[in-house]
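To keep things clear, I will list the structure first and then write my remarks on it.
Along the sequence shown, residues carry numbers from 1. Whatever order the structure lists them in is the order used to number ligands and atoms, beginning at 1.
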Amino acid sequence: MPQNIIAANWKMNNDEYASKTLAYDFLKLLDKRNNPEVLKLLCVPFPFLSQIENMCKGNESVKIGAQNCSSFQKGAYTGEVSASMLKSLSIEYVIIGHSERRELFYEDKNTLFDKVNLAIANNITPIFCCGESLKERKVNNHLNHVLSQLKETVFNLTKNDFSKIVIAYEPIWAIGSGKTASNKDIQEMHRAIRESIKAHFGYGIANKISILYGGSVKPINAKEIFDLEDVNGGLIGGASLDSGDFFDIVNSIS
Ligand code: 13P
């Protein structure tokens with residue numbers, strides 16, 4: 001069975017104080033009700049990783065992730081943060097290939113593949129994002145587009161390395177827009193991804209990989225999405241910036 005994961009992607013929001021308050025409030029809510037079987041991930045901005053990681057130490061089912069890492073190992077790359085630096089802070093997860101990184105920072109398949117490999121080499125689990133634009137969906141090319149994104153990157157990993165990753169399907173048009181894909185469309189895509197993994201890596205791995213959905217997940221729609229057969233959790237943007245909403249979303253998965 002894949003692990004159920006609810007990941008917060010705080011993106012570039014909040015200062016130090018607001019970030020600590022958000023984490024504190026969420027942890028306080030978890031003190032009242034916490035399903036230890038569900039992994040809660042807080043993917044926070046680089047400067048706050050260590051502090052938030054320290055705050056979460058008491059709760060085994062809460063882990064911290066970064067939102068990016070460098071495609072280079074180390075050296076003269078001003079402003080970059082390496083996977084090994086994250087490892088030295090005990091960070092266990094990193095989001096790679098978010099559509100905002102692909103679009104705004106021109107991250108291509110080679111860059112993403114290098115990042116994934118460096119994360120894995122440092123024992124950090126990549127949460128590898130894929131997703132289609134509205135244009136791709138309108139011309140009925142969405143399945144092909146998303147499967148190609150996987151084939152040109154993570155499907156080139158060894159079987160052993162591939163088994164270590166998490167996949168997040170985020171239709172670009174649903175991110176921050178208030179529009180979610182229909183449940184039928186979400187399940188269709190998640191099933192297609194799992195079938196494709198089965199064809200490449202076999203049944204055992206396909207049935208163990210967590211495939212998360214992201215894109216305007218809110219407390220009101222979370223349960224119906226997480227109840228879909230091939231959905232193993234969510235990657236939550238806007239709603240993760242409210243501790244109560246994020247807590248409600250976390251409690252929508254069983
Ligand atoms: P929203 O939940 O704000 O749509 O963002 C989704 C996302 O991009 C998470 O990575």
Side-chain angles (χ1 to χ4, degrees), residues 4-14 18-19 22-23 26 38-46 48-49 52 63-69 91-105 107 112 115-116 119 124-134 136-137 142 145-146 149-150 153-154 165-183 185-186 189-190 193 210-226 228 231-253:
N4 284 336
I5 303 171
I6 308 293
N9 178 6
W10 288 358
K11 306 192 181 182
M12 196 175 74
N13 290 293
N14 287 331
S19 298
L22 179 54
F26 175 62
V38 176
L39 173 63
K40 278 76 62 181
L41 264 181
L42 303 180
C43 298
V44 313
F46 287 134
F48 313 134
L49 282 168
I52 310 268
K63 306 260 186 222
I64 305 306
Q67 299 170 14
N68 184 26
C69 69
I91 300 307
E92 294 176 59
Y93 291 81
V94 61
I95 298 173
I96 292 177
H98 193 283
S99 58
E100 288 152 15
R101 303 269 351 148
R102 292 178 192 254
E103 286 187 352
L104 303 171
F105 301 95
E107 294 188 359
L112 298 179
K115 290 183 182 207
V116 167
I124 299 172
T125 301
I127 302 171
F128 188 81
C129 300
C130 53
E132 83 285 358
S133 65
L134 196 54
E136 297 286 353
R137 183 161 280 272
H142 48 288
H145 180 84
V146 168
Q149 285 180 323
L150 299 175
T153 53
V154 287
I165 76 167
V166 170
I167 290 178
Y169 166 58
E170 298 203 308
I172 298 170
W173 48 275
I175 296 175
S177 65
K179 293 183 200 141
T180 36
S182 72
N183 294 340
D185 289 343
I186 296 173
M189 183 62 81
H190 280 236
I193 292 171
S210 301
I211 308 175
L212 316 183
Y213 171 79
S216 295
V217 178
K218 308 285 176 211
I220 198 165
N221 59 17
K223 183 167 169 32
E224 62 190 64
I225 295 171
F226 299 156
L228 296 168
V231 175
N232 312 115
L235 182 53
I236 321 298
S240 73
L241 297 172
D242 180 300
S243 55
D245 281 357
F246 188 59
F247 178 69
D248 288 344
I249 291 172
V250 163
N251 285 310
S252 303
I253 195 160

Problem - Nitrogen or oxygen of Glu100 less than 3.5 angstrom from that of ligand 1 - result: no

Exercise for the section: Among all protein heavy atoms, pick out the one at the shortest distance from atom 3 (O) of ligand 1; state its residue, atom name and that distance to 0.1 Å. Expected result: Gly238 N, 2.8 Å

Problem - Cationic N near anionic O, under 4.0 Å, Asp185 to Arg137 - result: yes

Practice task
Compute the shortest N/O to N/O distance between Glu170 and ligand 1 and return yes if it is under 3.5 Å, no if not.
Solution key: yes

Handout entry: Exceeds 12 heavy-atom contacts within 6.0 angstrom, atom CD1 of Ile220
Key = no

Problem - From Gly176, Gly237, Cys43 - option closest to atom 4 (O) of ligand 1 by heavy atom - result: Gly176

Exercise for the section: Would you check whether Ile175 has a nitrogen or oxygen atom less than 3.5 angstrom from a nitrogen or oxygen atom of ligand 1? Expected result: no

Problem - Check: Asn251/Lys223 side-chain N/O donor and acceptor closer than 3.5 Å - result: no

Practice task
Below 4.0 angstrom from a heavy atom of Leu235, which ligand 1 atoms are there? Numbered from 1 as shown, please.
Solution key: 9 (C), 10 (O)

Completion exercise
If we number the atoms of ligand 1 from 1 as shown, the ones under 4.0 Å from a heavy atom of Gly215 are 4 (O), 6 (C)

Practice task
For ligand 1, indicate whether the residue Ser240 contacts it via side chain, backbone, both or neither (heavy-atom separation under 4.0 Å).
Solution key: neither

Practice task
Check whether any heavy atom of Lys11 sits under 4.0 Å from an atom of ligand 1.
Solution key: yes

Practice task
Using distance alone, determine whether Ser216 and ligand 1 share an N or O pair under 3.5 Å.
Solution key: yes

Handout entry: Electrostatic pair Arg102:Glu107 at N-O distance under 4.0 angstrom
Key = no

Practice task
Determine yes or no for a side-chain-to-main-chain donor-acceptor pair under 3.5 angstrom, with Gln149 supplying the side chain and Gly131 the backbone.
Solution key: yes

Handout entry: Residues Glu132 and Tyr169: side-chain donor-acceptor under 3.5 angstrom
Key = yes

Handout entry: Pairwise distance CG(Asn4) to OG(Ser210) - rounded to 0.5 angstrom
Key = 7.0 Å

Handout entry: Which of the ligand 1 atoms, numbered from 1, are nearer than 4.0 Å to a heavy atom of Ala174
Key = 4 (O)

Practice task
Using a 4.0 Å heavy-atom cut-off, say whether Asn9 meets ligand 1 through its side chain, its backbone, both or neither.
Solution key: side chain

Problem - Rounded distance (nearest 0.5 Å) linking atom CD of Glu100 with atom CD1 of Ile95 - result: 9.5 Å

